[in-house]
Amino acid sequence: MVLVLLALIGIFGVLFLTRLGGAYRAELQRRWPAVLFAGAAFFCLLRGLIGPAITFGSLSLLTWTLWPQIERWRQPRAAPASQDTPEDFAARRALGVGPNATPEEIRAAYRARMVQAHPDRGGSHNEAARLTAARDRLLKKKR
């Protein structure tokens, strides 16, 4: 009798999962421990074991809510990606500052480079505009 019930439950489970949409199926697969506890609770109910059925049902609800957080904790943490884009790197290189430069250091480097690049001092308009754009970009990132 128990084998017949298990076979019926298995057939029902397969039919249920095949009729279920892809998003719901993926959610059930992602939270497999909760589904396992729910199946154990259902089996205990079929056997007339109310206490274990309540326990497994409670574990199923608890696991359903907490399992995504547990999965996030289990995944290895990736190193934080650098926020510098190629444009930021070019701006730092143009001003000659490092990635940890303060706004004061950026302004000082801009003034020092602008002395040589200013059009009134024999520099070009393009170079002065490039330095100004680099300063503005880096100071905007610091806000």
Side-chain angles (χ1 to χ4, degrees), residues 2-3 5-47 49-143:
V2 173
L3 291 176
L5 283 176
L6 285 176
L8 286 174
I9 290 171
I11 291 170
F12 175 76
V14 168
L15 289 174
F16 179 73
L17 287 176
T18 56
R19 298 288 300 167
L20 208 56
Y24 294 117
R25 189 179 318 126
E27 187 68 21
L28 286 176
Q29 288 174 349
R30 194 168 62 95
R31 296 180 184 204
W32 63 269
V35 175
L36 188 68
F37 282 133
F42 183 69
F43 181 73
C44 287
L45 274 178
L46 288 177
R47 301 285 297 165
L49 304 171
I50 301 299
I54 292 172
T55 303
F56 280 125
S58 300
L59 280 174
S60 175
L61 289 174
L62 187 64
T63 306
W64 184 267
T65 56
L66 293 179
W67 191 254
Q69 293 174 356
I70 293 170
E71 283 294 312
R72 266 186 256 130
W73 291 336
R74 289 178 48 193
Q75 291 176 353
R77 300 202 190 279
S82 175
Q83 297 290 335
D84 273 355
T85 62
E87 293 83 10
D88 292 338
F89 181 73
R92 290 187 192 290
R93 192 175 59 209
L95 292 177
V97 296
N100 297 327
T102 64
E104 292 78 25
E105 292 171 339
I106 293 170
R107 287 185 187 100
Y110 169 75
R111 282 191 296 273
R113 297 276 174 121
M114 191 56 96
V115 167
Q116 300 164 354
H118 198 276
D120 292 345
R121 305 275 177 144
S124 69
H125 288 286
N126 290 339
E127 182 64 21
R130 189 172 70 88
L131 289 174
T132 303
R135 179 203 59 190
D136 293 344
R137 179 176 191 83
L138 293 178
L139 288 178
K140 184 178 177 184
K141 291 282 272 193
K142 291 292 180 179
R143 286 187 211 166

Practice task
Report yes or no: does Arg92 contribute a side-chain atom to a donor-acceptor pair with the main-chain N or O of Gly98 at less than 3.5 Å?
Solution key: yes
Fill in the blank from the handout: Value for CE (Met114) from CD (Glu127), rounded to nearest 0.5 Å, stands at 8.5 Å
Fill in the blank from the handout: Here the pair of heavy atoms bringing Ala53 nearest to Leu45 is CB-CG, 3.7 Å
Practice task
Determine whether Glu105 and Asn100 make a side-chain contact, defined as any pair of heavy atoms from C-beta on separated by less than 4.5 Å.
Solution key: no
Fill in the blank from the handout: Rounding to 0.5 Å, atoms NE2 (His125) and NE2 (His118) come to a distance of 9.0 Å
Completion exercise
Residues Gly96 and Arg113: closest non-hydrogen pair is CA-NH2, 3.6 Å
Exercise for the section: List the atom of Ala128, the atom of Ala117, and the distance in Å for their closest heavy-atom pair. Expected result: CB-O, 3.9 Å
Handout entry: From Leu139, Asp136, Leu95, residue fulfilling side chain to side chain contact (heavy atoms under 4.5 Å, CB included) relative to Tyr110
Key = Leu95
Practice task
Locate the shortest heavy-atom distance separating Leu131 from Ala94; write the atom from each residue and the value.
Solution key: CD2-O, 3.6 Å
